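Just so we're clear, the structure is a prediction, and the values are computed from it rather than from any experiment.
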Amino acid sequence: QVQLVQSGGGLVQAGGSLRLSCAASGRTFSSFAMGWFRQAPGKEREFVAAINWSGSNTDYADSVKGRFTVSRDNAKNTFYLQMNSLKPEDTAVYYCAQSRTISATREMVAYDYWGQGTQVTVSS
């Protein structure tokens, strides 16, 4: 099985930055695309960002493009979400996930394994 363990998150002022990490174990991390999703209270889980197997290609939701950066370190079996210029509307539980694909995808059904989630709260 695959385990995805998240760290980071917390409370930050609007305009601030936060970095989320997701450490993978249990299978070949470098063979699969990874993604970040988020879910605010009362809302559906939504796509945030994704990165392909090698880290050479990324995809971002329009709401975070230019502010968030997804990256991966396959040697450490870890991928990251760097969040800059945070806004109150970014407040949500953030989840990392591993896809069955090698290409970055926005489709939630493509992701087989999920982290436990971490709370990000942005105050104004």
Side-chain angles (χ1 to χ4, degrees):
Q1 73 272 39
V2 172
Q3 287 185 316
L4 301 177
V5 180
Q6 298 180 226
S7 60
L11 176 65
V12 66
Q13 294 288 321
S17 297
L18 212 56
R19 192 188 200 196
L20 306 182
S21 298
C22 180
S25 63
R27 67 189 306 181
T28 306
F29 173 79
S30 61
S31 296
F32 302 98
M34 304 292 292
W36 289 97
F37 295 79
R38 67 187 182 187
Q39 188 167 22
K43 298 181 65 177
E44 294 184 344
R45 191 170 298 184
E46 66 176 356
F47 169 79
V48 176
I51 188 166
N52 77 332
W53 71 277
S54 68
S56 64
N57 186 55
T58 57
D59 187 30
Y60 298 93
D62 288 344
S63 59
V64 306
K65 191 171 296 184
R67 300 188 297 120
F68 290 11
T69 302
V70 63
S71 62
R72 67 192 299 162
D73 185 344
N74 287 346
K76 296 183 180 295
N77 289 339
T78 304
F79 82 120
Y80 308 93
L81 184 67
Q82 178 67 47
M83 303 182 291
N84 298 327
S85 302
L86 282 162
K87 305 174 180 180
E89 51 263 45
D90 295 318
T91 295
V93 176
Y94 283 71
Y95 298 89
C96 67
Q98 181 174 296
S99 176
R100 297 187 301 275
T101 67
I102 63 170
S103 299
T105 178
R106 300 185 177 200
E107 299 296 329
M108 195 178 302
V109 295
Y111 291 87
D112 284 339
Y113 302 100
W114 294 80
Q116 80 277 16
T118 185
Q119 178 70 46
V120 172
T121 302
V122 184
S123 62
S124 59

Has [X] got a side-chain atom pairing as donor or acceptor with [Y]'s backbone, closer than 3.5 angstrom?
X: Tyr111; Y: Thr105; answer: yes
X: Ser63; Y: Ala61; answer: no
X: Tyr113; Y: Arg100; answer: no
X: Gln116; Y: Gln6; answer: yes
X: Ser99; Y: Met34; answer: no
X: Asn74; Y: Asn77; answer: no
X: Asn52; Y: Asn57; answer: yes

(request) Before giving the answer on side chain to side chain contact (heavy atoms under 4.5 Å, CB included), spell out for Met108 and Arg45 the whole-Å C-alpha distance, their side-chain angles and the decisive distance to 0.1 Å. (result) CA-CA 9 Å; Met108 195 178 302; Arg45 191 170 298 184; 3.8 Å; yes
Item to check | Residue pair Asp59, Arg106: steps toward the side chain to side chain contact (heavy atoms under 4.5 Å, CB included) verdict | outcome: CA-CA 8 Å; Asp59 187 30; Arg106 300 185 177 200; 2.7 Å; yes
Exercise: identify the closest heavy-atom pair between [X] and [Y]:
X: Ser17; Y: Gln82; value: CB-NE2, 4.0 Å
X: Ser124; Y: Pro88; value: CB-CG, 3.9 Å
X: Lys65; Y: Tyr60; value: CE-O, 3.6 Å
X: Ala24; Y: Leu4; value: CB-CD2, 3.5 Å
X: Ala50; Y: Ala104; value: CB-CB, 3.8 Å

**OP:** Step by step, work out the side chain to side chain contact (heavy atoms under 4.5 Å, CB included) result for Trp36 and Leu20.
**Re:** CA-CA 10 Å; Trp36 289 97; Leu20 306 182; 3.7 Å; yes
Applying a strict under-4.5 Å side-chain criterion to I, L, V, M, F, W and Y, I'd like to know whether [X] and [Y] cluster together.
X: Leu81; Y: Val12; answer: yes
X: Tyr94; Y: Ile51; answer: yes
X: Val2; Y: Phe32; answer: no

Margin query: Given the ring of Trp53, does Arg72 sit roughly above its face, with NZ or CZ under 6.0 Å from the centre of the six-membered ring and within 45° of the axis?
Written below: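 The answer is no; the distance or angle limit is not met.
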Can a cation-pi geometry be assigned to Arg38 and Tyr95, taking NZ or CZ under 6.0 Å from the six-membered ring centre and within 45° of the ring axis?
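Not flagged: Arg38 not positioned over aromatic ring of Tyr95.
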Check the pair Ser71 / Phe79 against side chain to side chain contact (heavy atoms under 4.5 Å, CB included), numbers first and verdict last.
-> CA-CA 6 Å; Ser71 62; Phe79 82 120; over 6 Å; no
Will you find, in the side chains of Thr121 and Gln119, an N or O donor that is under 3.5 Å from an N or O acceptor?
->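 Note: Thr121 and Gln119 side chains meet the donor-acceptor criterion.
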Will you find, in the side chains of Gln13 and Ser123, an N or O donor that is under 3.5 Å from an N or O acceptor?
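There is such a pair between these side chains.
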Checklist entry - Hey, are the side chains of Leu18 and Val120 touching, using non-hydrogen atoms and a 4.5 Å cut-off? => result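 Yes, close enough: below the 4.5 Å cut-off.
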Just verifying a value: how many Å separate Gln3 CD and Ser25 OG, rounded to the nearest 0.5 Å?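 OG of Ser25 is found 4.5 Å from CD of Gln3.
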*Output the distance between atom OG (Ser21) and atom OH (Tyr80), rounded to the nearest 0.5 Å.*
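OH of Tyr80 is found 5.5 Å from OG of Ser21.
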Subject >> For Phe68, the option from Asn84, Leu86, Thr58 that meets side-chain contact (heavy atoms from CB on, under 4.5 Å) >> reply: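 The passing option is Leu86.
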Decide side chain to side chain donor-acceptor pair (under 3.5 Å) for Ser103 and Thr101; before the verdict, give the C-alpha distance in whole Å, the side-chain angles of both, and the deciding distance to 0.1 Å. CA-CA 5 Å; Ser103 299; Thr101 67; 5.9 Å; no
Handout entry: Aromatic ring pairing Phe37/Phe47, orientation class (parallel under 30°, perpendicular over 60°, tilted between)
Key =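 If you compare the ring of Phe37 with that of Phe47, the planes turn out perpendicular.
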- Item | Lys/Arg-Asp/Glu bridge criterion (N-O < 4.0 Å) met for Asp90, Lys87 |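 No, this pair does not count.
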